[in-house]
Amino acid sequence: MSRQARRTPPTGAATPAPGRHRRSGQPTVPGRRPARRRSAAALAVLLAGALGACTTPGANADGGEDGFVSGDGQITAVAPDEREPAPAVSGATVGGGEQLDLASYRGRVVVLNVWASWCAPCRAEAPDLVRAAERTSDVAQFVGINVKEENPAAEEAFLRVMEVTYPNLDDPTGQIQLAFADTLPPAAIPSTLVIDAEGRVAARVLGPVTETTLVDLVTDVAEGR
């Protein structure tokens, strides 16, 4: 799957008939591939604006009541020969503050899920993520990224209630999200990134993801597609 088949065309460009994700059946929008590298400063402004809306519940741009910047579930998949290396990511985990370095998972597919305890779509998708992690445990390592939290007890309660057993990085200022500015930034809450065994960003979902879609994406990436 190429990145070209997953990007929305510029305003005014002719739009081919939409296709469908090969396994999940979710719609895709063909279009022109944008420039590979974007301005990190420009993306920092974009993400800062998005994350700013997350700081206060009830303040999101869509007028919702949960304070998240929502995504519509759009899937962007990148062909193996077009993938960009993921940035180095490490930090303290939620709870005990143990240190985690994603480089330790090189050789396995890594799934990064951006979430917050106050985000309703995050709560809705959590059981799907847990099931997908169990179904793909032979080839993939899931890692959560908890963002914009001001209540440590709420973070830990979320993981406990949702029975999340995979590790979760604590990202209160959004710096991990910003680190992906030159690849596929996870600019919505929730967002999910799939990183291949070589440490390259292979796919992104902006918004909630289902168990089936995520298992299909992980399987494709693990099999070299």
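Side-chain atoms are counted along with the backbone in the values below, which use heavy atoms only and exclude waters and symmetry mates. FYI, the numbering just counts along the sequence from 1.
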- request: Would you sort out whether Ile195 and Leu112 count as a side-chain contact (heavy atoms from CB on, under 4.5 Å), showing the intermediate values?
  value: CA-CA 8 Å; Ile195 299 173; Leu112 297 179; 3.8 Å; yes
Value for CD1 (Ile145) from CG (Leu169), rounded to nearest 0.5 Å, stands at 6.0 Å
Next item on the list: Run the numbers on Val111 and Leu193 for side-chain contact (heavy atoms from CB on, under 4.5 Å), then give the verdict.
Entry: CA-CA 6 Å; Val111 178; Leu193 297 180; over 6 Å; no
| query | Given Val147 and Glu149, is the side-chain contact (heavy atoms from CB on, under 4.5 Å) satisfied, shown in steps? | reply | CA-CA 6 Å; Val147 297; Glu149 290 278 7; over 6 Å; no
So CG of Leu129 and SG of Cys122: to nearest 0.5 Å the spacing works out to 9.0 Å
Notebook entry, point to check: Taking the six-membered ring for Trp, are the ring centroids of Phe158 and Trp118 within less than 6.0 Å of each other?
Noted result: no
Note: Phe180 and Ala86 closest approach over all heavy atoms is CE2-CB, 4.1 Å
- Message: Measuring only between side-chain heavy atoms, which start at C-beta, is Glu125 closer than 4.5 Å to Pro190?
- Response: yes
*asked:* Could you go through Val78 and Arg83, starting from their C-alpha distance and side-chain angles, then the distance that decides it, and tell me whether this counts as side-chain contact (heavy atoms from CB on, under 4.5 Å)?
replied: CA-CA 6 Å; Val78 186; Arg83 293 172 185 168; 3.7 Å; yes
Original post:
Can you get from Leu214 to Val139 by hopping between Ile, Leu, Val, Met, Phe, Trp and Tyr side chains that sit under 4.5 Å apart?
Top reply: yes
Rounded to the nearest 0.5 Å, the SG atom of Cys119 sits from the CD1 atom of Ile189 at a distance of 6.5 Å
The reported gap from OG in Ser117 to CG in Asn146 (rounded to nearest 0.5 angstrom) is 6.5 Å
**Study point:** Working for side chain to side chain donor-acceptor pair (under 3.5 Å), residues Glu155 and Asn168
**Key:** CA-CA 10 Å; Glu155 306 169 25; Asn168 286 261; over 6 Å; no
So CZ of Phe142 and OG1 of Thr192: to nearest 0.5 Å the spacing works out to 8.0 Å
| query | Quick one: does Thr213's side chain have a donor or acceptor within less than 3.5 Å of a partner on Val209's backbone? | reply | no
Rounded to the nearest 0.5 Å, the CZ atom of Arg225 sits from the CG atom of Asp216 at a distance of 9.5 Å
Thr93 side chain to Glu98 backbone, donor-acceptor under 3.5 Å: yes
Measure the shortest side-chain to side-chain distance between Thr76 and Leu206 over non-hydrogen atoms and say whether it is less than 4.5 angstrom.
no
Distance-only donor-acceptor pairs under 3.5 Å for side chains of residues 99-109, two or more places apart:
from, atom 1, to, atom 2, distance (Å)
Asp101, OD1, Ala103, N, 2.9
Ser104, OG, Asp101, O, 2.7
Arg108, NH2, Ser137, O, 2.8
Arg108, NH2, Ala140, O, 2.6

Heavy-atom check, side chain of Glu84 versus side chain of Arg200, under 4.5 Å: no
Taking every heavy atom of Gly207 against every heavy atom of Ala188, the minimum-distance pair comes out as N-CB, 4.3 Å
- Message: Whether the side chain of Arg204 engages the backbone of Pro185 through a donor-acceptor N/O pair (distance < 3.5 Å, no angle test) should be reported.
- Response: yes
Residue pairs meeting salt bridge (Lys or Arg N to Asp or Glu O under 4.0 Å), one or both in residues 156-172, sequence neighbours left out, come to none
Here the salt bridge (Lys or Arg N to Asp or Glu O under 4.0 Å) pairs for residues 130-140, sequence neighbours left out, are Asp128-Arg131, Arg131-Glu211, Arg135-Glu211
* To do: Spell out, as yes or no, whether a donor-acceptor pair under 3.5 Å connects the side chain of Gln141 to the backbone of Val110.
  => no
